[in-house]
Asker: 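The structure's right below; bear with me while I get my questions together.
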Amino acid sequence: MELVYSGKVRDLYADGDDLIMVASDRVSVYDVVLPTPIPDKGRVLTQLSLWWFTQLSDVIGNHVISGTDVPEEWAGRAIRCRRLRMLPVECIARGYLAGLGLASYNETGTISGVRLPAGLGEGSRLPEPVFTPTTKAAAGHDEPITSAEVAGLVGAEVAAELERVTLAVYRRGAELAAARGIVIADTKLEFGLLGDGSVVLADEVLTPDSSRFWLTSQWQPGRPQHALDKQFLRDWSAGLDWDRRPPGPVIPPDVVAATRDRYLELYSRLTGGDLG
Ligand code: Q0Z
C-alpha cells in the first residue's frame with residue numbers, strides 16, 4: 001500500500017479509492033516522539049475513535065468505511081476511510097481553560113474573541129464551550145483564526161456548520177464522559193467534504209491525542225491538571241536531565257506499564273468495554 005502521509009504517531013495509506021489510517025504505539029511528550037512504544041496505545045486510540053464515531057452518528061456523518069476490513073498486520077489499530085476533500089481548518093472546542101486557550105485568556109481576557117469572566121485560572125470550567133479554530137500549518141504551529149477567516153477559507157455556510165457541529169460534538173462527548181468521571185477539557189476535530197459537498201467528521205475523534213482528558217476526581221482549577229493518559233510520562237521525564245529536544249529518552253518498563261494502564265483505563269471507563 002502507498003504511504004501518503006506519515007505523522008508523528010500515525011500513518012495514512014492509500015488503498016485504491018480508500019484511505020487506511022493506522023495508529024502506531026508511538027507516544028510523544030512535549031512534542032517529541034519517544035523511542036519506546038506504549039503497547040496497545042494504537043489499538044486503544046483506534047477503538048475509542050470508532051466508538052465515538054458510532055456515538056456521534058446522529059450528530060454528524062463520518063469518514064469510516066470499516067474498522068475491520070484492514071490489512072491483517074494492522075488489525076485493531078487501523079480504519080478504512082473514505083477519501084475526503086479535507087477542510088483547511090483545525091476545529092477546536094474548549095470547555096475548560098488549558099494550553100493556548102489559557103494563554104489567550106491570560107493575555108486578553110478573551111478566547112477567539114469571546115470575552116470571559118474575570119478570575120478564571122488554569123483548568124477552570126468556561127461558562128459555555130467556545131469554538132477556537134486554527135489554521136492547519138504544514139510546519140510549525142497552528143495559528144488562531146477568527147470566524148470571518150474560517151468563512152474566507154471554506155465559505156460562510158460551511159463555516160457556520162463547522163462551528164455548530166464542533167460544539168455539538170464537544171457537548172455530547174463532554175456530557176457522556178462526565179457521567180463516567182472524566183472531564184474533556186478541549187478537543188480538536190477535522191472535517192472534510194464528500195463528493196456531494198456534505199460535511200463529515202474525519203480523522204480521529206475524542207482521543208487522548210486530540211483532546212485533554214482529566215479525571216473528575218483529580219480536577220482542581222487553579223493549577224495544571226493531571227492528564228489522564230500521559231501524566232506518568234510527563235512526571236518521569238520532568239525528573240530527567242533532558243532538554244525536551246530530540247532524541248527523547250528511552251522509557252523504563254514501569255513507566256511504560258503505568259502509561260499503558262492509563263490508556264486502557266480511559267477506554268474501559270468511557271466505553272464500558274475491555275481491550276484486554
Ligand atoms: C487525514 C493524518 C494520519 C497523518 C489527511 N478521510 C480522509 N480523507 C482525506 N484526507 C484525510 C482523511 Cl482522514 C487526512 N490526515 C491527517 C492522519 C496520519 C495525518 F493517520 N491527513
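Atoms within a ligand are numbered from 1 in the order they appear, just like the ligands themselves. We number each residue from 1, following the sequence as shown. Side chains included, hydrogens not; waters and symmetry mates left out as well; all remaining heavy atoms used.
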Asker: If you measure every N/O of R82 against every N/O of ligand 1, is any gap under 3.5 Å?
Answerer: yes
Asker: Look at atom 17 (C) of ligand 1 and say which protein heavy atom is nearest, naming residue and atom and giving the distance to 0.1 Å.
Answerer: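 Here the closest protein heavy atom is R10 NH2, 3.4 Å.
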Asker: Under a 4.0 Å heavy-atom limit, does D11 contact ligand 1 with its side chain, its backbone, both, or neither?
Answerer: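 The answer is the backbone.
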Asker: With a cut-off of 4.0 Å, which atoms of ligand 1 are near a heavy atom of R83?
Answerer: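 Within the 4.0 Å cut-off of R83, ligand 1 contributes 8 (N).
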Asker: Do any nitrogen or oxygen atoms of H63 lie less than 3.5 angstrom from nitrogen or oxygen atoms of ligand 1?
Answerer: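 For ligand 1, there is an N or O atom that lies under 3.5 Å from one belonging to H63.
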Asker: If you measure from atom 16 (C) of ligand 1 to every heavy atom of V64, D203, L201, which option wins on shortest distance?
Answerer: D203
Asker: Please examine the side chains of I92 and T134, heavy atoms only from C-beta on, and report whether any two atoms are closer than 4.5 Å.
Answerer: yes
Asker: Just which atoms of ligand 1 are under 4.0 Å from any heavy atom in L19?
Answerer: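 In order of number, 7 (C), 8 (N), 9 (C), 10 (N), 11 (C), 12 (C).
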Asker: Taking atom 21 (N) of ligand 1 as the point of reference, which of L12, V22, V200 owns the nearest heavy atom?
Answerer: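 Considering heavy atoms of L12, V22, V200, the nearest to atom 21 (N) of ligand 1 sits in L12.
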Asker: Looking at atom 10 (N) of ligand 1, what's its closest protein heavy atom, distance included?
Answerer: M86 CG, 3.2 Å
Asker: What pairs with E2 under side-chain contact (heavy atoms from CB on, under 4.5 Å), at least two apart in sequence or on another chain?
Answerer: V4, A14
Asker: Indicate whether any N or O donor in one side chain lies under 3.5 Å from an N or O acceptor in the other, for S211 and T187.
Answerer: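 Yes, side-chain donor-acceptor contact under 3.5 Å.
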Asker: Please report the closest heavy-atom contact between L215 and L228, naming both atoms and the distance.
Answerer: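 Smallest heavy-atom distance, with atoms named: CG-CD1, 3.8 Å.
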Asker: Would D229 and R234 count as a salt bridge (Lys or Arg N to Asp or Glu O under 4.0 Å) if you check the C-alpha gap in whole Å, the side-chain angles of each, and the deciding distance to 0.1 Å?
Answerer: CA-CA 10 Å; D229 54 329; R234 297 225 180 99; 5.7 Å; no
Asker: Starting from atom 20 (F) of ligand 1, which protein heavy atom do you reach first, and at what distance in Å?
Answerer: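 Going atom by atom, the protein heavy atom closest to atom 20 (F) of ligand 1 ends up being M21 CG, 2.9 Å.
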Asker: Check whether more than 12 heavy atoms from other residues, nucleotides or ligands sit under 6.0 Å from atom CG of D17, and answer yes or no.
Answerer: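 No - once you tally the heavy atoms of other residues, nucleotides and ligands closer than 6.0 Å, there are 12 at most.
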Asker: S6 and D11: side-chain donor and acceptor closer than 3.5 Å?
Answerer: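 Their side chains do contain a donor-acceptor pair, which is all the 3.5 Å distance test asks for.
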Asker: Do me a favour and list the nearest non-hydrogen protein atom to atom 8 (N) of ligand 1 with residue, atom name and distance?
Answerer: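 Protein heavy atom with the smallest distance to atom 8 (N) of ligand 1: L84 N, 2.9 Å.
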Asker: Would you compute the distance between atom SG of C91 and atom CZ of F131 and round it to the nearest 0.5 angstrom?
Answerer: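 Reported to 0.5 Å precision, the distance equals 4.0 Å.
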Asker: Among protein heavy atoms, which lies nearest atom 19 (C) of ligand 1, and at what distance?
Answerer: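 Checking every protein heavy atom, the shortest distance to atom 19 (C) of ligand 1 gives Y5 CD2, 3.2 Å.
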